[in-house]
Amino acid sequence: MIKEVFKPNPEFAKNARIKNMCEYQALQDAAIRDYEGFWGSYAKEKLDWVEPFHTVLDESNFPFVKWFEGGKLNVSTQCIDRHLDSRKNKAAILFEGDRGDKQTITYLDLYYNVNRFANLLKNEFGVKKGDRVVIYMPMIPEAAYAMLACARIGAIHSIVFGGFSAEALKDRIEDADAKVVITADGAYRKDKPYMLKPVVDEALNGKTSVERVLVVERNNEEVNWVEGRDFSYNELIKKQSNECEAEAMDAEDPLFLLYTSGSTGKPKGVQHNQAGYILWAQMTMEWVFDVKENDTYWCTADIGWITGHTYIVYGPLSMGATTVMFEGVPTYPDAGRAWKMVQDYKVNQFYTAPTAIRVLHKMGEHEPLKYDLSSLKVLGTVGEPIDPSAWKWYYEEVGGSRCPIVDTYWQTETGGHVISPLPGATPIKPGCATLPLPGIIAEIVDKDGNKKEHDETGLLCITRPWPSMIRGIWGDKERFIKSYFGDVKQNGRGVYFTGDGALYDEDGYITITGRTDDVINVSGHRMGTAEVEAALAKEDEVAEVAVVGKPHPIKGEGIFAYVVMKHSLKDSRFESYEAIEKELNEMIKKEIGNIALCDDIVFVPGLPKTRSGKIMRRILRSIAKGEEITQDISTLEDPSIVATIKSLVK
Ligand code: WT7
C-alpha cells in the first residue's frame with residue numbers, strides 16, 4: 001500500500017463547504033454532543049416542509065426507527081419545484097446517448113416532464129399512493145422522470161437493473177407485488193440497439209399482479225404489444241397536463257425499494273423512506289462532492305443501482321445541481337469516450353467505480369492526456385476498494401495530481417455515503433475511505449461492540465441510527481432484524497453491522513477490508529454466492545455446487561464455482577465439460593443475468609465438508625486463489641478431498 005498522504009489543495013479548500021479538519025471535527029463533535037439537535041437543524045435548513053416535524057428521532061421501536069415524525073413533504077418538490085424560482089432555466093440533466101445524441105433538460109423542463117408522467121400514472125393507470133411501480137429501464141431521461149413521477153404521487157418505485165434476466169425481474173415484481181411496470185422497447189449500446197421489452201413480456205408470463213406496462217419508445221425496434229396491458233408512453237404523454245399536485249407525504253412513508261443480494265438465495269427489498277433519505281442525499285452531495293452552482297457533475301453509475309438513485313438523480317437534483325446522464329459505455333467508440341465527455345461538458349466532479357478505472361487504464365493509459373481535463377476538481381470512487389495502481393493512475397493521469405479522490409464507502413442500505421474524505425479538508429491516503437462523515441457514528445468493533453485497536457481487523461458497524469438508513473426489508477421484518485442487527489451487540493442492543501470488515505490505521509483512518517459474509521463484489525456489484533449457487537443447482541446434472549469469489553484484475557472479484565456432477569461425463573447427457581460449462585452459464589443468464597456469469601467452473605468429485613455437513617468455503621476460497629491451505633483440515637469428513645480439488649484447479 002502507498003503510505004503517502006495527499007493534503008487538500010489549499011486553493012480548493014478556501015472555497016469548500018468544509019474547509020479543514022477543525023471544521024470537520026467541530027461538526028462531528030456537535031453531532032456527538034447533541035445528536036438530535038444536529039440532525040434536526042439540518043432537516044429544517046435543507047428541506048422544504050409542507051408540515052413541520054415534531055420529533056427528530058424516535059428509537060422506541062428500535063431497529064424500526066422514525067426520523068422527523070409529524071413532518072410532511074414531497075421528494076419531487078425537493079428536487080424540482082423549489083428550484084424553479086432561482087434556477088428554472090438551469091440544466092438539471094445533461095443527457096448523452098450512446099450514439100452521441102444530446103438533450104439538455106432544464107429544471108422547468110423537468111418540472112413539466114415529471115408532472116406529465118405523474119398525471120399519466122395517476123389518471124391513465126390509476127396508480128395511487130403506496131402502490132409499487134417497477135422500473136426496468138435503460139439510462140435515458142425518462143427513467144429519472146419515472147422515479148420522480150412516482151415520488152410526486154407517493155407511489156413506491158422499485159428499479160430493477162436492465163442487465164437482470166426475466167426470472168430475476170419476475171422475482172422482484174412478485175416480491176413487491178407491483179401494479180405497473182415501466183420499461184422501454186430497448187436502447188443502444190455500442191452503437192447497436194438492444195431490447196428490454198421482450199424481457200418484461202417473459203417476466204409477466206403467467207399469473208402476475210401487474211395490470212399495466214408503460215413502454216417508452218427509445219429505439220423503435222419492433223416489439224410485442226399486449227392489448228389492454230401495454231401502452232406507449234410516447235402516445236399517452238402527449239395528452240397529459242403540465243401540472244400535477246405533489247402528494248404531501250409523511251416523513252416515514254416509503255420512497256423506494258431496491259433489491260440487493262444477501263447471504264441467502266432470495267434478494268432483499270431494501271426500503272428507503274422519504275425525508276431522511278433525501279436529506280442525506282443532499283447533504284452528502286454538498287459535502288463530499290462540493291458541487292457549486294455553476295458546476296457540472298457526472299456520475300457514471302446505472303440508475304438500477306443505489307449509486308444511480310442517490311448520486312445521479314436524488315442527490316444532485318435536491319441540491320439544484322446539473323447532473324450528466326449517459327446511456328453508453330465509457331470505452332465506446334474508444335477508451336477516450338469518457339474523457340471526451342469530461343472535456344466537452346467541462347465536467348467538474350467525476351464519480352465512477354474502481355472497475356471502470358481499471359478498464360479505462362488498461363485500454364488507454366495515456367488517453368486522458370489527449371483531452372482537456374482541466375475542468376475537473378473532484379474525483380470520486382465507489383463500490384469496492386481501489387487498488388494502489390488504479391488509484392495512482394486516476395490521481396495523476398486523470399486528475400493531473402490536482403484533484404482529491406473521494407473514496408466513498410457506503411451501501412444500498414446506508415442510502416448515501418457514510419465514510420468518505422471531504423475534498424477540501426481530509427488528507428487522503430490511497431485505498432482508504434478515511435473517516436465517518438459528520439453525523440455518522442461508525443466504529444470498528446468486535447462482536448460485543450468493543451472498539452478495536454489500530455491494525456486489528458474488526459466488524460464495521462454504525463452504532464447510532466442515521467436518517468438515510470434502511471427502514472426495512474420489504475415484507476420481512478424478521479429478516480431485517482436478523483440480517484443487520486443480529487451479529488453485533490453494544491450495551492445490550494443490536495447495532496447495525498455493514499457486513500464488512502475494516503481496520504483503523506495509526507491516524508484512526510478506516511480501511512475497508514471486504515465482506516465478512518458470503519457476498520462477493522463483482523465489478524462493484526454485490527452478488528450473493530447463495531444466489532449463484534441456486535441458479536447453478538437448477539441444472540439437473542448438478543448434484544452439488546459451491547461458489548466463492550476470486551481476485552480478478554478488472555472486476556475486483558470474479559465468480560469461481562465448484563461443481564459436483566450427478567453422473568460421470570460419459571453417463572451424463574453432455575459431450576464434454578465445455579458443453580456443461582456453457583449450459584451452466586446459460587442457466588445463470590436465465591436466472592440472474594450476464595452480470596453473474598462464472599469466470600471459472602471446476603468439476604470436482606466432492607466438496608470439503610465438516611462431519612456435520614457444512615461446506616468449508618474458506619478452503620475453497622484459498623484453493624481458488626492458489627494459496628497454501630493453512631487451516632486445519634483434519635476435522636473434514638474426508639480430508640483427502642482437499643488435495644484432489646487442488647489438483648483439479650489450474
Ligand atoms: C458494498 C455495498 C455503495 C454503492 C455501490 C455498491 C463495498 C462500497 C466501497 C469502498 C471498499 C466498498 C462494501 C459494501 N464497498 N464502497 N469505497 N471501499 N468497499 O453498493 O451493492 O450495496 O454494495 O460494496 O463491501 O458493503 P452495494
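Start at 1 and go down the list; that is how both ligands and their atoms are numbered. Given the structure is predicted, the values throughout are model-derived calculations rather than measurements.
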Task: Cation-pi check, K268 onto Y259 ring (under 6.0 Å, within 45° of axis) - done: no
Open item on the list: Heavy-atom pairs closer than 4.0 Å: do any link ligand 1 to the side chain of R515, the backbone, both, or neither?
Closed with: side chain
Open item on the list: Under a plain distance cut-off of 3.5 Å, with no hydrogens placed, do S261 and E531 share a side-chain donor-acceptor pair?
Closed with: yes
- [ ] Report yes if some N/O of T412 lies less than 3.5 Å from some N/O of ligand 1; otherwise report no.
- [x] yes
- [ ] Please assess T322 against Y345 for the test side-chain hydrogen bond (donor to acceptor under 3.5 Å, both in side chains), listing each intermediate value before the final yes or no.
- [x] CA-CA 11 Å; T322 298; Y345 291 95; over 6 Å; no
TODO: List every atom of ligand 1 that sits less than 4.0 Å from any heavy atom of R526, numbering the atoms from 1 in the order shown and giving each element.
DONE: 2 (C), 21 (O), 22 (O), 23 (O), 27 (P)
- [ ] Find out whether K625 and P551 are in side-chain contact, i.e. whether some heavy atom of one side chain is under 4.5 Å from a heavy atom of the other.
- [x] yes
TODO: Identify the protein heavy atom lying closest to atom 5 (C) of ligand 1, giving its residue, its atom name and the separation to 0.1 Å.
DONE: T307 OG1, 3.5 Å
- [ ] Give a yes or no on whether the backbone of G499 and the side-chain of T516 come within a donor-acceptor separation of less than 3.5 Å.
- [x] yes
Task: Geometric cation-pi criterion, R493 with F62: 6.0 Å, 45° - done: yes
Open item on the list: Donor-acceptor pair, distance only, cut-off 3.5 Å: does the side chain of T183 make one with the backbone of Y136?
Closed with: yes
- [ ] Mark up the atoms of ligand 1 that fall under 4.0 Å of a heavy atom belonging to P385, in ascending order.
- [x] 11 (C), 18 (N), 19 (N)
TODO: Considering the heavy atoms of D407, write down every atom of ligand 1 situated less than 4.0 Å from one of them.
DONE: 10 (C), 17 (N), 18 (N)
Task: Per-atom contacts of ligand 1 with G524, taking only distances under 4.0 Å to non-hydrogen atoms - done: 6 (C)
Open item on the list: Could you work out, for atom 9 (C) of ligand 1, the closest of H309, E384, H417 by heavy-atom distance?
Closed with: E384
Open item on the list: List ligand 1 atoms under 4.0 Å from I512, heavy atoms only on the residue side.
Closed with: 11 (C), 19 (N)
Open item on the list: Using a 3.5 Å cut-off on N or O atoms only, is G383 in polar contact with ligand 1?
Closed with: yes
Task: D98 side chain to G328 backbone, donor-acceptor under 3.5 Å - done: no
Open item on the list: Below the 3.5 angstrom mark, is there an N/O of E413, backbone or side chain, next to an N/O of ligand 1?
Closed with: no
Task: Interfacing atoms of ligand 1 (cut-off 4.0 Å, heavy-atom, N521) - done: 7 (C), 24 (O)
Open item on the list: Quick one, W39 and L279 - any side-chain contact, counting heavy atoms below 4.5 Å?
Closed with: yes
- [ ] Could you tell me whether some N/O pair between D500 and ligand 1 is separated by less than 3.5 angstrom?
- [x] yes
Open item on the list: Pairs of nitrogen or oxygen atoms closer than 3.5 Å, one from T408 and one from ligand 1: do any exist?
Closed with: yes
- [ ] Quick one: look at I306 and ligand 1, take heavy-atom pairs under 4.0 Å, and tell me if it's side chain, backbone, both or neither.
- [x] side chain
- [ ] Give a yes/no verdict on whether any heavy atom in W410 is under 4.0 Å from an atom of ligand 1.
- [x] yes
- [ ] Using modelled atom types only, decide if a donor and an acceptor are shared between the side chain of R402 and the backbone of L376 within a distance under 3.5 Å.
- [x] yes
